[in-house]
A.B. asks: 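Structure in C-alpha cells, see below.
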Amino acid sequence: MKLVIVESPAKARTIAGYLGAGFVVESSIGHVRDLPRNAADVPVSHKKEAWARLGVDTANDFKPLYVVPADKKKQIGHLKKLIKEAEELYLATDEDREGESIAWHLTEVLKPRIPVKRMVFHEITPDAIRHAVDSPRELDRRLVDAQETRRILDRLFGYEVSPVLWKLVRPKLSAGRVQSPAIRIVVDRERERMRFRAAAYWDVAGEFSVAAGTFGAILSALDGVRIASGKDFDREGGITREDVMLLDRAGAEGVVADLDEAAFTIRSVESKPYRRSPYPPFRTSTLQQEAGRKLRFTSQHTMRVAQRLYENGYITYMRTDSVSLSESAIATARAQVIEMYGREYVPDSPRIYISKVKNAQEAHEAIRPAGDTFRTPDQVRRGLTRDDADLYELVWKRTVASQMSDAVGESVQVRLGGTGASGRDAEFSASGKVISFPGFLRAYVEGSDDPDAELEDQERRLPPMSERERAVAERLEVAGHETKPPARYTEASLVKRLEDLGIGRPSTYASIIQTIQDRGYVWKKGSALVPSFTAFSAVRLLEEHFTDLVDYGFTARMEEDLDEIADGQRKMVPYLKAFYFGNGHPGLVELVSKAFDKADAREINTLPFEGLEGVVLRSGRYGPYLERGEDRVGVPEDIAPDELTPARATELLEAPSGDRVLGDDPVTGLAVLVRSGRFGPYVQLGENGDGAKRPTASVFKSMSVETLTLEEALQLLSLPRVVGHDLQTGEEITVANGRYGPYVKRGADTRSLATESELFTVTLEQAMTILAQPKRRRGQAAKGPLKDLGADPSTGWNVVVRDGKFGPYVTDGGVNVSLRREDTVERMTVERASVLLAERREKLEAEGKPVKAGLPPVG
DNA sequence: CAGTGAGCGAGCTTCCGCTTGACTT
C-alpha cells in the first residue's frame, strides 16, 4: 500500500478515486505543527526559557520551537497508524512555500522509515495526478526555509509589537505584518475624509430634439471656456485648473435665460469603435469582491458557502490566487458557450489567463465549476440552498464568460451649440454607446463599488444625427452638484487593496477582516468599514515608532527576500538577525525598547480634532471623550471619526447631561444634583462651570436614585463626618465613604465599617473600639488559610494555601506564588509548595527583587 | 471622564497561514 497525504480531506477523496487500488489517500488538514500560541502551549521542558514567550530562541539562530496543536493530534495519530502499513509515502501537499513546509513537518512528526517521495500537481485531473505519481521529486529544503523565515518574522513582529500597544493604548490589542497595514489603510481613508471639503458647482442640462429623436446633453463650454465639473476640484474644495469657468446657481440660471430663444446646431459627431474583453476567472479575492457587491455576502460568508460547494463537488478549490484553467475546463467552457449562445460567442483560440497578482503562489487552478462538464445553475439549484446556488451561479457565469468573445460596439461623442441673446456662445455635449455584439456581456457583467461607474457600462443610445443638423432645445434646466468625499472601504474593496499591495493570502483575507473588527479597530456601518478612535491611536503609534513595519511596501519587500531564500541567494539566519537585531538600521528589539521608553501615552491617545478653541479629543480607558477645560464628555460609539465636526462636538459638550436637580442647599443656596459617574450614581453640590471643585458623595447602595430626596442628598454631602477626637492623642477621628466602602479614619490608620448607615450613627466610643481592633485584611484574615501544609522541608518556614484575588496561592509568609494550572488546593502538598516557592525565589533573585524571609511554624 | 484609604501576590493578552470538524447555545 502506498500512502498519499494531501492537505484537504475533500481533495483526498477526489484523488483517491483517480488513483484506485494500491493507494490510500489521506489529509494533513492543513499545517500539522506550529510555534506555541501561548504559555499553555509551551512544553514543560521549555517553560523556563527566557524566549518561551516567543517560541523562538532568538539568541540561538532563531531556532523555532514547534508543537503539534491540540486539534491536530488526533489526525497525526491516525496518519502514524497508516504509515506502519505503508511501503511508500507520497507527500502531495501544495507546491508552494506553505505546502512544502507542511510536507517537511510531516516527515518530522511521522518519522517515516519507508521511502518518501514528494509529488506535486496544479490541477486535479486523472492525467495530472498520474503524471505526478510517476515523476516525484525531493523535498525542497530552501522553500521550507523561506516558509520558516516568514513564520518567525510574523511571530516576532506580532509578539514583540503587540505589548507596546498594551502599554500605551489598551490591553489585548494586536499588531502584525498584515493586520496593521490593513488598519492603516482604513484610517488613512478616514483621514482623507476628515480633510475633505465639499465644493459646489452648477451646470445646465438640456433635452434636445433632432429629426430622428431626442437626447440629453450637458453644458460643456461658454465662449470656448470649459465649464467646471466634479473632476476639476481637489479634495480640499479648491479648484485645480485656471482655464475653466465655475458656475454658481445664478450663473447657471443666467445661461438658461440667455438661451431662451437660441437656435442650436449639431457641431460634431465623432464615433470610435468600442471593444471590451471578459474578466479572468475567479480567484479568492475577486470571488469575495463580486459576492460582496452582487450578493451582499461578507467575505466570511462567501468562504463558508464556497467551502460547502467545494466539499460537495460543485466547485474547485476556493482558496487560490491563480486565474488559470485546466485544458479540460477551457474546452468545457467553450463547448458550453457554443451550446448556449452559438459559435460566434467563442474566440478562435482559447483565452489563457496569467496571474498578475503580487506574490502569487499558483498552487491551484482558478475557482470554477468542478468536473469535466459544468452543471448549469438550473441543474444544481434544486438541491442547494439559495446562497449556495447563487454563489455557484456566479462562479459558473464568470468561468463561462471568461472564454467568450469580446463585446464590440461604438461610442459616440456629440457636440452642439447655439448663441444666446447676449451674443455668448454655449456648447453642449452628449455621449452614447451602442453595443453591436455583446459577446461575454451576455453572460456576465462585473459589479462595481461605485454605482456611478456601473452606469458607465450601460448602453446609452443617441439618435442618429449629422453635423450641421438643426437641434431644438426642448428643455433647459439648471442642476446643482457637490463633490463627494472618497468613499470608505468595504470588505470587498479592502480585500482588493490588500491583494494589490501583496498583503495577506487567499486563506486569510476573510480572517483579516474578522480580526480587525474583533480587536475593535474597525466597525461596520452598513457595508462601510469605519475605523475606531482606538485605531487612530494605534496607527499613530505604529507610524511614529515602527515606520518601516507599517509601510505598505513592507510585505512586498519581504516576499522578494523570501524568494531569494527559496532560490538559495540568501540565508535565513542573517536575514532574521538583521530584522531583529538590526544591521546598519535599528532592529526590532531596539525599536520596541525605544517605543516603551519614549512614546508618550497622552500624546498617542490625543486624536486629530480641529476647529474648536480649547477642545481636545482623547481616547481613554472608557472610550473616546472630548475635553474642554474641566468639562469632559464621552463621544458616543456610533459616531464615525469624520462625523465629529466642530458643530457636532459643540452639540455634545452643550447637551443636557441628564442630571436631576433635587433642590437647593439651604445653607449655600447651591443646587443639589444627582449624577451618574464612573463609580455609579453620586450627588453633587452646585453645577459645574467655573472650574471650581464641587463636593460630591456616592449614593448609598441601599438608596435608589429615582426616589432619592434632598434630605438624603444633603446628609450624604455632610460626609466625611468628624466623629470626635481620640481621647488619648487628641487626633481627629472621621468617617467617610471610599472606594472600598465606608471606613473610619484616625491619622493614617483606617478600618472598614460594616455598613454604609454606620457612617451616620457611629459614636466616638464605637469608632475607638473599631480602631483598637487589628487591621482586618479582606479575605485573608476573614477566611483564614485554605489549608495549612506545615513546615517547608528546605526552609523550615510554615507554608499555607490562601485564596487571593488571582485565585489560590501558597505562601510561607515571605514569598507568595500562585498555584499552577495543573495544581489544585486539595492535591497541594508541602513538597510541591516547596518546589513552587523555590522557583519563585529564584525568579525574584534573577529579577533583582528582594526576597523576604518566611515565618516559622507557630508553636 | 466625581473623589477617596490597603493589602499580599500572577499571568495573560498578541502574530500569519494551512485546514476542518467539534464544541456550545
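To find a chain, count down the sequence lines: A is the first, B the second, and so on, and within it residues start at 1. Note that this is a predicted model, so its numbers are computed, not measured. Basis for what follows: all heavy atoms, side chains included, without hydrogens, waters or symmetry-related copies.
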A.B. asks: Round to a whole Å and report the spacing from CD1 of A:I152 to P of B:dG17.
C.D. replies: 15 Å

A.B. asks: Under the side chain to side chain donor-acceptor pair (under 3.5 Å) test, which residues partner A:W166, sequence neighbours left out?
C.D. replies: none

A.B. asks: Should the side chain of A:S698 and the base of B:dG3 be counted as holding a donor-acceptor pair, with the cut-off at 3.5 Å?
C.D. replies: yes

A.B. asks: Does a nitrogen or oxygen in the side chain of A:T750 sit under 4.0 Å from OP1 or OP2 of B:dA6?
C.D. replies: no

A.B. asks: Sequence neighbours excluded, which residues qualify as side chain to side chain contact (heavy atoms under 4.5 Å, CB included) partners of A:A182?
C.D. replies: A:L498, A:I512

A.B. asks: Using the rule for Phe, Tyr, His and the six-membered ring of Trp, do A:Y682 and B:dA2 stack at under 5.5 Å and under 30°?
C.D. replies: yes

A.B. asks: Is the shortest side-chain N/O distance from A:R319 to OP1 or OP2 of B:dT19 below 4.0 Å?
C.D. replies: yes

A.B. asks: Can you list the residues that meet the side chain to side chain contact (heavy atoms under 4.5 Å, CB included) rule with A:L591, with sequence neighbours excluded?
C.D. replies: A:F546, A:P586

A.B. asks: In whole angstrom, what separates A:L106's CG from B:dT19's P?
C.D. replies: 13 Å

A.B. asks: Counting heavy atoms from C-beta on, name the nucleotide in B:dG17, B:dG3, B:dT19 closest to the side chain of A:T508.
C.D. replies: B:dG17

A.B. asks: Can you find a side chain N or O atom of A:Q147 that sits less than 4.0 Å from OP1 or OP2 on B:dG17?
C.D. replies: no

A.B. asks: Using the side-chain heavy atoms of A:E98, tell me which of these nucleotides is nearest: B:dG17, B:dA2, B:dG9.
C.D. replies: B:dG17

A.B. asks: Can you check the A:Y743 OH to B:dG7 C1' distance for me, whole Å?
C.D. replies: 15 Å

A.B. asks: Enumerate the residue pairs fulfilling side chain to side chain donor-acceptor pair (under 3.5 Å) with a member in residues 171-180 of chain A, sequence neighbours excluded, ordered by first and then second residue.
C.D. replies: A:D154-A:R177, A:S174-A:Q179, A:S174-A:R519, A:R177-A:T555

A.B. asks: What contact category does A:G99 fall into here, base, sugar-phosphate, or nothing, at under 4.0 angstrom with non-hydrogen atoms?
C.D. replies: nothing

A.B. asks: Over how many whole Å does the gap from A:D71 atom CG to B:dG21 atom C1' extend?
C.D. replies: 9 Å

A.B. asks: Who are the side chain to side chain donor-acceptor pair (under 3.5 Å) partners of A:N38, not counting sequence neighbours?
C.D. replies: none

A.B. asks: Calculate the interatomic distance between A:L719 atom CG and B:dG3 atom P; express it in whole Å.
C.D. replies: 17 Å

A.B. asks: For the side chain to side chain donor-acceptor pair (under 3.5 Å) test, which of A:Q288, A:Q514, A:R304 pairs with A:S299?
C.D. replies: A:Q288

A.B. asks: Applying side chain to side chain donor-acceptor pair (under 3.5 Å), can you list everything that pairs with A:E758, at least two apart in sequence or on another chain?
C.D. replies: A:T755

A.B. asks: Is the distance from OP1 or OP2 of B:dT20 to the nearest side-chain N or O of A:S8 less than 4.0 Å?
C.D. replies: yes

A.B. asks: Got a sec, which pairs hit salt bridge (charged side-chain N to carboxylate O under 4.0 Å, His left out) with one end in residues 155-168 of chain A, sequence neighbours left out?
C.D. replies: A:R53-A:E160

A.B. asks: For A:K745 and for A:V817, find the nucleotide of DNA chain B with the closest heavy atom, then tell me which residue's nucleotide is more 5'.
C.D. replies: A:K745

A.B. asks: Using whole Å, what does the distance between atom C1' of nucleotide B:dT20 and atom NE2 of A:H78 come to?
C.D. replies: 14 Å

A.B. asks: Atom CG of A:N605 and atom P of B:dC1: how far apart are they, to the nearest Å?
C.D. replies: 13 Å

A.B. asks: Does a salt bridge link A:K11 with A:E311, judged by any charged N lying under 4.0 Å from a carboxylate O?
C.D. replies: no

A.B. asks: Picking from B:dG17, B:dT19, B:dA2, which would you name as closest to the side chain of A:R505?
C.D. replies: B:dG17

A.B. asks: Please report, rounded to the nearest Å, how far the C1' atom of B:dG11 is from the CG atom of A:N816.
C.D. replies: 15 Å

A.B. asks: Between the protein and nucleotides 13-15 of chain B, are there any N/O to N/O pairs under 3.5 Å, and if so, what are the atom names and distances?
C.D. replies:
| residue | atom | partner | partner atom | Å |
| --- | --- | --- | --- | --- |
| B:dT13 | OP1 | A:N38 | ND2 | 3.3 |
| B:dT13 | O2 | A:K172 | N | 3.1 |
| B:dC15 | OP1 | A:S174 | OG | 3.3 |
| B:dC15 | OP1 | A:Q179 | NE2 | 2.7 |
| B:dC15 | OP1 | A:R519 | NH2 | 3.2 |
| B:dC15 | OP2 | A:R519 | NH2 | 3.3 |
| B:dC15 | O2 | A:R151 | NH1 | 3.0 |
| B:dC15 | O2 | A:R155 | NE | 3.2 |
| B:dC15 | N3 | A:R151 | NH2 | 3.1 |
| B:dC15 | N3 | A:R155 | NE | 3.2 |
| B:dC15 | N3 | A:R155 | NH2 | 2.9 |
| B:dC15 | N4 | A:R155 | NH2 | 3.2 |
| B:dC15 | N4 | A:Y159 | OH | 3.4 |

A.B. asks: Could you work out, with side chain to side chain donor-acceptor pair (under 3.5 Å) as the rule, every residue matching A:H105, not counting sequence neighbours?
C.D. replies: A:R33

A.B. asks: Please, what dot-bracket string fits DNA chain B when only Watson-Crick and G-U pairs with both distances under 3.5 Å count, crossing ones use [ ] and pairs to another strand use |?
C.D. replies: .........................

A.B. asks: Should the ring pair A:Y66 and A:W104 be called parallel, tilted or perpendicular, given that the plane angle runs from 0 to 90° and is split at 30 and 60?
C.D. replies: perpendicular

A.B. asks: Take A:I503 and A:Y310, find for each the nucleotide of DNA chain B with the closest heavy atom, and name the residue whose nucleotide sits nearer the 5' end.
C.D. replies: A:I503

A.B. asks: Which pairs, protein N/O on one side and nucleotides 22-25 of chain B N/O on the other, fall under 3.5 Å?
C.D. replies:
none

A.B. asks: Check side chain to side chain contact (heavy atoms under 4.5 Å, CB included) between A:Y317 and all other residues, then give those that pass, not counting sequence neighbours.
C.D. replies: A:Y310, A:R319, A:H364

A.B. asks: Got more than 12 heavy atoms from elsewhere within 6.0 Å of CZ, A:R37?
C.D. replies: no

